[in-house]
Amino acid sequence: MRFHATVALSAAALLAGSVNADAQSVLSEASSSVSSVASDASSAASSSTSAPELPTFTPTTIKADFLEQFTDDWEKRWKLSHAKKDTKGENKDEEWAYVGEWSVEEPHVYKGMEGDKGLVVKNAAAHHAISAKFPKKIDNKGKTLVVQYEVKLQNGLECGGAYLKLLRDNKALHQDEFSNVSPYVVMFGPDKCGSTNKVHFIVNHKNPKTGEYEEKHLSTPPAARIVKTTELYTLIVHPNNTVIIKLNGEQVKEANLLEDFQPPFNPPKEIDDPKDSKPDTWVDEARIPDPEAKKPEDWDEDAPFEIIDEEATKPEDWLEDEPLTIPDPEANKPEDWDDEEDGDWVAPTVPNPKCDNASGCGKWEKPLIKNPAYKGKWTAPYIDNPAYKGVWAPRKIKNPDFYEDKTPANLEPMGAIGFEIWTMQSDILFDNIYIGHSIKDAEKFAKETFFEKHPIEQLLELAEKPKEAEKPKSPSDLVFLDDPVHYVKEKLDLFFTIAQNDPIQAIKFVPEAAGGLVAVAITLLAVIVGVFTLGGSSAPAPVKKVASDAKAATSDAKDKVAEAVSSGAEAAKV
């Protein structure tokens with residue numbers, strides 16, 4: 001880096017010991033110039049990372065069966081629920097009213113688009129319910145169903161839902177009475193509480209024989225992303241019973257309605273006969289003790305597992321007269337010990353150190369060894385049971401409730417959308433809802449909305465994250481554009497410190513400070529020679545001329561530094 005010629009000038013002047021006033025002025029001006037340029041570079045670098053300009057919200061022209069961006073006329077479509085949450089099936093006496101408030105507003109966390117409003121849950125620990133009727137019922141028989149919407153968890157999500165429901169189209173559909181018992185067709189979206197974290201996909205399926213409805217749950221749903229940026233959830237149900245779930249435009253789950261749901265859409269053709277029972281004579285023991293086996297005559301069940309080793313002899317270094325423990329020789333009776341109240345003081349014991357270097361201490365006894373005659377309790381060996389009939393199972397009969405729905409993807413007609421949730425966190429925001437039959441239109445809609453703001457939100461999130469504590473960098477690890485002022489200061493300090501003891505080593509370890517422009521180096525040499533040769537309190541004309549030349553060279557160096565910094569700043573912007 002060319003600006004380090006000035007650093008070399010400052011360092012060499014310090015080594016000279018005594019520099020006249022003009023030379024000192026040159027050094028001061030040079031140092032000031034470098035600091036100024038470095039400060040300008042720092043400002044330029046920081047300005048290059050400033051927040052990007054936000055795009056402005058523009059209502060889409062894309063059409064769908066239902067498309068919602070929560071524009072100013074949103075209240076014409078959405079109605080709050082005045083119903084009470086049905087808890088009769090939960091053995092509870094109280095009824096929970098849907099007192100949670102809703103609002104349409106711009107996000108207050110990681111705002112990625114100007115003027116983009118969404119539907120916001122305003123209360124924590126409350127039940128919320130709101131719904132909107134479709135312009136006309138949605139019937140996806142023989143069609144692809146696409147459900148797509150944005151979720152923004154501005155305060156995170158510890159326990160609660162952020163899913164939507166597509167309500168069954170019927171005459172009893174009243175928006176102001178929308179509740180947890182309102183009949184729905186599809187439930188889709190994130191749900192998190194404790195260790196449970198999943199993207200629900202539930203189909204409320206009608207039994208064609210009984211007319212009863214049963215919830216069919218995706219067996220292994222993907223996990224939801226619990227972050228404060230906007231997340232895009234997409235559900236695609238194809239007519240061939242294939243289900244696709246996408247998160248932020250990327251597929252995270254593929255399933256089949258006939259294979260990957262519990263309970264299954266279609267019941268089994270055969271079931272166990274409930275009237276069948278296992279006969280009393282049924283033998284289901286595969287192996288039994290051999291009834292003809294007899295205990296051998298020489299089998300001694302009373303023989304002990306271990307016996308004394310009669311051949312063992314006491315080791316020669318065994319210290320039989322030494323105890324295993326001895327009173328601690330370093331222990332002293334506490335000064336506050338009262339024999340009358342506390343009793344006779346006894347020193348604590350410690351392991352006898354003499355035993356450490358011997359085979360053992362104390363009374364020696366012959367060790368125990370495993371008894372070669374030990375056999376334990378005798379039991380008859382097992383053999384295959386000749387009467388074994390196998391594992392009993394009830395006979396199969398035709399399932400009287402059997403039916404076969406080959407196209408569960410043909411969902412029942414849907415007449416409305418609703419959010420019916422309970423959450424411990426407020427400020428959950430929903431936006432840009434698409435419900436229709438075109439995957440391409442849904443993707444185009446996402447490009448106009450989600451993909452315009454999501455990268456900006458991610459940058460804002462990244463900027464807010466606290467930087468990890470870094471270990472102090474050595475001057476050799478510093479980068480100029482990271483912090484120009486700090487870079488110059490550290491290089492100067494290092495050069496000064498080393499040069500005080502060994503100038504040669506200073507040049508080797510800090511070549512930036514010793515290098516620089518050739519013109520400045522020559523001027524520096526002239527200044528040093530003039531100072532040592534002429535001395536004196538006032539500098540003679542030759543020294544003044546050298547100082548003047550040094551100023552000019554430094555000015556030139558400053559211009560070149562400014563040029564380099566400008567180039568570096570431009571590179572940083574790119």
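Just the heavy atoms: all of them, side chains too, but no hydrogens, waters or symmetry mates, feed the values below. The first residue in the sequence is number 1, and the count goes up from there.
Ring centers of Phe201 and Phe261: under 6.0 Å apart, within the cut-off. Ring centroid separation for the pair Phe419 and Phe430 comes in under the 6.0 Å cut-off. Here His128 and Trp422 keep their ring centres 6.0 angstrom or further from each other.
Asp272 contributes no side-chain N or O that, together with a main-chain N or O of Pro274, makes up a donor-acceptor pair within less than 3.5 Å. Judged by distance alone, with hydrogens and angles left aside, the side-chain atoms of Asn155 form no donor-acceptor pair with the main-chain N or O of Ile428 at under 3.5 Å. No donor-acceptor pair under 3.5 Å is formed between the side chain of Arg168 and the backbone N or O of Pro183. When atom types are taken as modelled, the side chain of Asp116 and the backbone of Thr56 share no donor-acceptor pair closer than 3.5 angstrom. Between the side chain of Ser103 and the backbone N or O of Val120, no donor-acceptor pair lies under 3.5 Å. In this structure, Glu420 contributes its side chain and Ser179 its backbone to no donor-acceptor pair below 3.5 Å.
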Applying salt bridge (charged side-chain N to carboxylate O under 4.0 Å, His left out) to Asp309 and Lys366, what does each step give before you reach the verdict?
CA-CA 6 Å; Asp309 185 4; Lys366 293 183 178 182; over 6 Å; no
Side chain to side chain donor-acceptor pair (under 3.5 Å) for Gln262 and Ser219? Distances and angles first, verdict last.
CA-CA 6 Å; Gln262 289 295 330; Ser219 299; 4.6 Å; no
Going through the checks in order, is the side-chain contact (heavy atoms from CB on, under 4.5 Å) test met by Leu166 and Ile435?
CA-CA 10 Å; Leu166 303 185; Ile435 301 174; 3.5 Å; yes
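By the 6.0 Å contact criterion, NZ on Lys111 is enclosed, its count of non-hydrogen atoms from other residues, nucleotides or ligands being greater than 12. Atom CG of Asp72 sits in a sparse spot, with 12 or fewer heavy atoms from other residues, nucleotides or ligands closer than 6.0 Å.
The pair Lys228-Glu464 does not meet the salt-bridge criterion, since no charged nitrogen lies less than 4.0 angstrom from a carboxylate oxygen.
Residue Trp102 comes nearest to Gly100 through the heavy atom pair CD1-O, 3.7 Å, listed as atom of the first residue, atom of the second, then distance. Minimum heavy-atom separation, Ile202 to His217: CD1-CE1, 3.3 Å.
Checked against Val109 for a side-chain contact (heavy atoms from CB on, under 4.5 Å), the options Glu457, Glu461, Gln154 give a single hit: Gln154.
By the 30° and 60° cut-offs, the orientation of the rings of His205 relative to Tyr403 is parallel.
Counting only N and O atoms by type, the side chains of Glu150 and Asn432 include a donor and acceptor under 3.5 Å apart. For the 3.5 Å distance criterion, the side chains of Thr220 and Lys253 qualify, holding a donor opposite an acceptor. Between the side chains of Tyr184 and Glu412, no donor-acceptor pair is found at a separation under 3.5 Å. Side chain to side chain, Gln175 and Trp78 fail the donor-acceptor criterion of an N or O pair below 3.5 Å.
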